[in-house]
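Remember, it's 1-based here, ligands and their atoms both numbered in the order they're listed.
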Amino acid sequence: MAEEKAKPRIGYIHLSGCTGDGMSLTENYDILAPLLTDMVDIVYGQTLVDLWEMPEMDIALVEGSVCLQDEHSLHELKEVREKAGLVVAFGSCAATGCFTRYSRGGQQAQPNHESFVPIADLVKVDLAIPGCPPSPEIIAKTVVAVLNGDMDYLQPMMDLAGYTEACGCDLQLKVVNQALCIGCGTCAMACQTRAVSMTNGRPEVNSDRCIKCGVCYVQCPRSWWPAERINKDLGL
Ligand code: SF4
Ligand code: SF4
């Protein structure tokens, strides 16, 4: 009898995040059961697995930014890097810092906890899935793409692993100022805080509402245009 192929071992690491990214994973109602039971083994994760010692993992989904004044978080992040084949910045807090970029300490019970940075500032990150939270669909598709070695699908996420200083102003600097904007309004639709509005066919960002999640730039069709992948999906 043929030996059953080992399933990839996935871990979920919760740093300074709100659990929204983990919740978004569980909102894959139609495929969640096969995803979690047939396709992968969840081997580590607070609230998911009753295990204190971090095991070796193929993929680690890391949610949340990391607090530089919290030794436990720093240690856990470094341990993840040692024990996981692929480290995924899971959600905008891990990928770009998101609203923890505004942290400045001074609150009880840990007033010295003031510095929160994206995980790529401290360890090598292989893939980033920005989103606050990322959609259930992109999480499931990313896991499946990793399992299938679908590099076409993963390439943008690999490129985004270096996109840590996200800001709504990227639309102006990297799209409009580069003569790339087509006025489609996708950025305004993607922003969950309604920080982006369209004025004269171009995005305008209210920086007081921007939480630095990076979603507007990531979703902009002129920030990354995977022509080969799109043609493949459309059968062209
Ligand atoms: S403008 Fe909106 S989508 Fe863009 S980084 Fe700011 S909060 Fe995120
Ligand atoms: S999503 Fe990109 S191309 Fe579309 S309006 Fe916004 S900046 Fe312009």
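Metal site remark for atom 8 (Fe) of ligand 1: C216 contributes no N, O or S atom at a distance under 2.8 Å. In summary, C184 places no N/O/S atom under 2.8 Å from atom 8 (Fe) of ligand 2, failing the contact criterion. Taking backbone and side-chain atoms together, C191 has an N/O/S atom less than 2.8 Å away from atom 2 (Fe) of ligand 1.
Put simply, the side chain of R101 never gets that close to the backbone of A166: no donor and acceptor are under 3.5 Å apart. Remark: the backbone N or O of P136 is paired with a side-chain donor or acceptor of N28 at under 3.5 angstrom. Not a single donor-acceptor pair under 3.5 Å links the side chain of S24 to the backbone N or O of G20. Without hydrogens or angle criteria, E114 side chain to G106 main chain gives no donor-acceptor distance under 3.5 Å. Looking at R222, its side chain never comes within 3.5 Å of a backbone N or O of V175 through a donor-acceptor pair. A donor-acceptor contact shorter than 3.5 Å links the side chain of T193 to the backbone of R209. The main-chain N or O of G22 is found under 3.5 Å from a side-chain atom of E63 such that the two form a donor-acceptor pair. Using modelled atom types, no side-chain atom of S92 and backbone atom of C98 make a donor-acceptor pair closer than 3.5 Å.
Distance from atom 1 (S) of ligand 2 to its nearest protein heavy atom, with residue and atom name: C187 N, 3.3 Å. Nearest to atom 8 (Fe) of ligand 1 among the protein's heavy atoms is C213 SG, 2.3 Å. For atom 2 (Fe) of ligand 2, the nearest non-hydrogen atom of the protein is C220 SG, 2.3 Å. The nearest heavy-atom contact from the protein to atom 6 (Fe) of ligand 1 is C210 SG, 2.4 Å. The closest protein non-hydrogen atom to atom 7 (S) of ligand 1 is I211 N, 3.2 Å.
Note on ligand 1: G214 sits in its first shell, one or more heavy atoms being nearer than 4.0 Å. Heavy-atom distances between Q219 and ligand 2 stay at or above 4.0 Å for every pair.
Every atom of ligand 2 is numbered from 1 in the order shown, and the set under 4.0 Å from a heavy atom of T186 is 1 (S). Atoms of ligand 2 found under 4.0 Å from any heavy atom of C181, numbered from 1 in the order shown, are 3 (S), 5 (S), 7 (S), 8 (Fe). Residue P203 approaches ligand 2 through these ligand atoms, each under 4.0 Å from one of its heavy atoms: 7 (S). Per-residue contacts place M198 under 4.0 angstrom from the following atoms of ligand 2 (heavy atoms of the residue considered): 5 (S). Proximity to P221 (heavy-atom distance under 4.0 Å) selects the following atoms of ligand 2: 1 (S). Interface atoms of ligand 1 facing V196, defined by a heavy-atom separation under 4.0 Å, are 1 (S). Here is the list of ligand 2 atoms found below 4.0 Å of a heavy atom in G183: 5 (S), 8 (Fe).
At a 4.0 Å heavy-atom cut-off, ligand 2 touches I182 through backbone and side chain alike. With a 4.0 Å heavy-atom cut-off, ligand 2 is reached by no atom of R202.
Residue E137 places its CD atom among 12 or fewer non-hydrogen atoms of other residues, nucleotides or ligands, all under 6.0 Å distant.
R9 and D41 are not joined by a salt bridge, as no carboxylate oxygen comes within less than 4.0 angstrom of a charged side-chain nitrogen.
Cation-pi check for K141 over Y153 is not met; the charged atom does not lie both under 6.0 angstrom from the ring centroid and within 45 degrees of its normal.
Put simply, the side chain of M54 reaches to within 4.5 Å of the side chain of V80, judged on heavy atoms.
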